[in-house]
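Chain letters run A, B, ... following the sequence lines, proteins first, then strands; residues in each count from 1.
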There are 2 protein chains.
Amino acid sequence: MSPEPMRDESAFLASYDPRAYDPVAVTVDVVALTIRDGALHVLLVRRGGAPYEGMWALPGGFVHAGGRREAEDLPDAAVRELAEETGLSGKDGALGRVHLEQLGTYGTPGRDPRMRVISVAYLAFAPELPDPEAGGDAADAAWVPVDALGLAESGDQRPGTTRRLAFDHARILTDGLERARDKLEYTPLATAFCGAEFTIPELRAVYEAVWGEELHAGNFHRKVLSVPGFVESTGATSDKGGRRGGPRPRLYRAGDARLLHPALLRPSREEEIR
Amino acid sequence: MSPEPMRDESAFLASYDPRAYDPVAVTVDVVALTIRDGALHVLLVRRGGAPYEGMWALPGGFVHAGGRREAEDLPDAAVRELAEETGLSGKDGALGRVHLEQLGTYGTPGRDPRMRVISVAYLAFAPELPDPEAGGDAADAAWVPVDALGLAESGDQRPGTTRRLAFDHARILTDGLERARDKLEYTPLATAFCGAEFTIPELRAVYEAVWGEELHAGNFHRKVLSVPGFVESTGATSDKGGRRGGPRPRLYRAGDARLLHPALLRPSREEEIR
DNA sequence: TGAGTTCATCTCGATATGAGAAGAACATAA
DNA sequence: TTATGTTCTTCTCATATCGAGATGAACTCA
């Protein structure tokens with residue numbers, strides 16, 4: 001059950017006093033990922049005010065809970081914050097084709113020095129998007145290569161990293177990356193990083209960027225085509241060859257599968273098993 | 001980032017006024033699963049007050065946010081609610097061996113008729129536990145067979161189901177069951193439903209209860225023993241044969257693997273793929 | 001004692017995987 | 001234009017895994 005039970009609903013509403021409750025704030029934070037120049041990038045904003053002023057953080061902010069403003073659902077808040085703080089337009093615009101899913105909720109006491117804050121984190125997969133423009137409370141906004149953030153497996157950032165992340169956002173980002181790596185194995189979400197039409201080598205580049213390791217081109221090709229519903233051929237062929245030569249690859253679009261069966265397991269997970 | 005930035009932290013704290021913020025409540029709800037008599041059961045409590053008085057619901061309640069009471073972390077709140085509302089003792093007692101993980105957060109406006117409530121759901125896997133005793137706000141508490149709740153894939157309950165769940169708890173439970181089914185494929189968490197020592201047929205019964213289908217005993221046996229770190233032999237043998245005959249099965253305990261590789265894929269997922 | 005059940009292991013064909021090879025198509029530099 | 005190197009795509013082949021069925025021994029219950 002949810003809040004404490006009352007003898008009668010109208011009695012509760014009449015006696016309602018927000019000060020009687022522990023003050024809590026609910027926010028959304030978004031881990032937005034994309035591929036740029038063959039490398040995995042995350043969308044970050046630079047904080048325009050205290051605390052952590054000047055540091056980089058995940059885009060996010062308050063959920064409109066319904067007091068003064070109209071109540072909004074959590075995924076709507078995630079899209080709104082993404083749009084507000086980056087200048088990217090919402091569902092109908094550049095953010096129309098992004099995949100959005102809930103990542104997890106972070107509420108450890110003290111994670112925000114001001115008050116008790118419960119943050120619902122969302123994970124977004126986007127095809128290559130334009131550079132963001134700072135808006136809302138952000139002093140700056142940019143796509144940042146994930147490798148440049150020096151993230152350790154523990155969720156901490158390694159010493160010497162220039163861009164330190166505010167709050168516990170390094171942990172949230174680490175969790176988001178792990179989720180993304182897993183999702184690529186069992187779901188066709190790698191196609192969410194590509195345009196409407198893409199080639200198998202492009203798709204392979206997505207896997208290599210997210211997993212951080214090179215794949216066997218021949219086996220990858222065979223595998224992608226053998227999994228039912230992963231991709232479907234457009235019949236067309238790319239009008240250019242590879243960047244450094246090679247024949248013109250064929251074009252595909254995302255299929256109707258929601259799960260990859262069998263899965264595309266990544267190599268060298270031996271270390272992670274125990 | 002989290003709450004709206006302030007120019008200065010002390011200025012913020014001085015000007016702090018809870019009424020200036022949208023009133024939000026944060027709760028935890030727990031989907032606690034176990035196996036009883038070969039069937040998957042979920043822990044439910046009967047509501048002692050409005051709204052949804054008399055209906056069944058997931059155990060849960062307010063997170064102590066830090067106003068009047070000491071601030072508690074979200075997983076601690078989940079364990080506390082589980083203990084309070086069921087009479088089961090906490091980390092050191094009957095709840096000591098349960099696996100607990102975050103399931104997701106539910107915050108759609110209107111999901112609680114009283115006010116805006118954000119509920120962080122947790123998923124618990126437990127070995128066979130004693131019958132719960134109602135406590136806290138609960139009028140009753142019981143392990144209920146999941147099949148008796150008439151859950152559809154949509155998260156709704158089928159008409160004619162006697163035990164209707166309060167709030168959106170049918171959806172939360174449906175999501176929890178789906179998570180449990182997935183987790184059994186890639187992780188050794190099925191052992192969390194067993195005692196410290198168990199037999200391969202017992203483990204198979206867990207998979208059959210959660211997945212709702214019978215497995216090939218021979219292949220299952222081969223598979224469990226071939227996955228590194230899933231189970232390790234105790235050298236001992238059960239002192240009784242099967243319920244309806246058969247030789248005494250050998251005893252095993254959980255191994256040190258965190259991931260099953262290769263995974264134990266469940267049959268007949270064809271329908272779910274698209 | 002006999003009938004039926006279950007554990008544990010094995011066999012066999014079908015399928016999936018990793019590693020490598022090869023030919024054709026293309027970009028780039030000489 | 002030619003030469004060189006890269007890449008796409010399709011093979012091959014040995015190995016590993018999987019589903020389905022069969023078998024014999026061990027056990028419970030009537």
Value in whole Å for how far the [atom2] atom of [N] lies from [atom1] of [X]:
X        : N      : atom1 : atom2 : result
A/Arg250 : C/dC26 : CZ    : P     : 12 Å
B/Leu215 : C/dT6  : CG    : C1'   : 15 Å
A/His216 : C/dT17 : NE2   : P     : 13 Å
A/Phe198 : D/dC8  : CZ    : P     : 15 Å
A/Leu265 : D/dC18 : CG    : P     : 11 Å
B/Leu260 : D/dT17 : CG    : P     : 14 Å
B/Glu214 : D/dA20 : CD    : P     : 13 Å
B/Asn219 : C/dA8  : CG    : P     : 15 Å

(message) Would you call the rings of A/His99 and A/Phe125 parallel, tilted or perpendicular, taking 30° and 60° as the class edges?
(response)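 The rings of A/His99 and A/Phe125 sit tilted, inter-plane angle from 30° to 60°.
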(request) For the residue pair B/Tyr186 and A/Tyr186, categorise the inter-ring angle as parallel (less than 30°), tilted (30 to 60°) or perpendicular (more than 60°). (result)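 B/Tyr186 and A/Tyr186: tilted rings.
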(message) Quick check: on DNA chain D, is the nucleotide nearest A/Gly245 upstream (toward 5') of the one nearest A/Gly218, or the reverse? Name the residue that is more 5'.
(response)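 Mapping each residue to its closest nucleotide by heavy atoms, the 5'-most match is A/Gly245.
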(request) Look at the side chain of A/Lys223 and decide which nucleotide, out of D/dT9, C/dA16, D/dC18, has an atom nearest to it. (result)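 When the side chain of A/Lys223 is considered, C/dA16 is the closest of D/dT9, C/dA16, D/dC18.
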(message) Side chain of B/Pro247 only, heavy atoms from C-beta on: which candidate in D/dA25, D/dT9, C/dA24 is closest?
(response)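 Closest nucleotide among those given: D/dA25.
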(message) Can you confirm whether more than 12 heavy atoms, excluding those of A/Arg243, are under 6.0 Å from its CZ atom?
(response)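 Not more than 12 within 6.0 Å, no.
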Describe the nucleic acid contact of [X] in one word from base, sugar-phosphate, nothing, applying a heavy-atom distance below 4.0 Å.
X        : answer
B/Arg222 : base
A/Arg248 : sugar-phosphate
B/Pro267 : nothing
A/Lys240 : nothing

OP1, OP2 of [N] versus side-chain N and O of [X]: anything below 4.0 Å?
X        : N      : result
B/His221 : C/dA8  : yes
A/Arg244 : C/dA27 : no
B/Arg204 : C/dC7  : yes

(request) Taking the side chain as every heavy atom from C-beta outward, state whether A/Leu189 and A/Glu101 have any atom pair closer than 4.5 Å. (result)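 In contact.
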(request) Give the minimum heavy-atom separation between A/His169 and A/Asp29, together with the two atoms involved. (result)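 The answer is NE2-OD2, 3.5 Å.
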(request) Select from B/Leu225 and A/Gly246 the residue whose nearest nucleotide in DNA chain C is closer to the 5' end of that strand. (result)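 Taking each residue's closest nucleotide, the earlier one in sequence belongs to B/Leu225.
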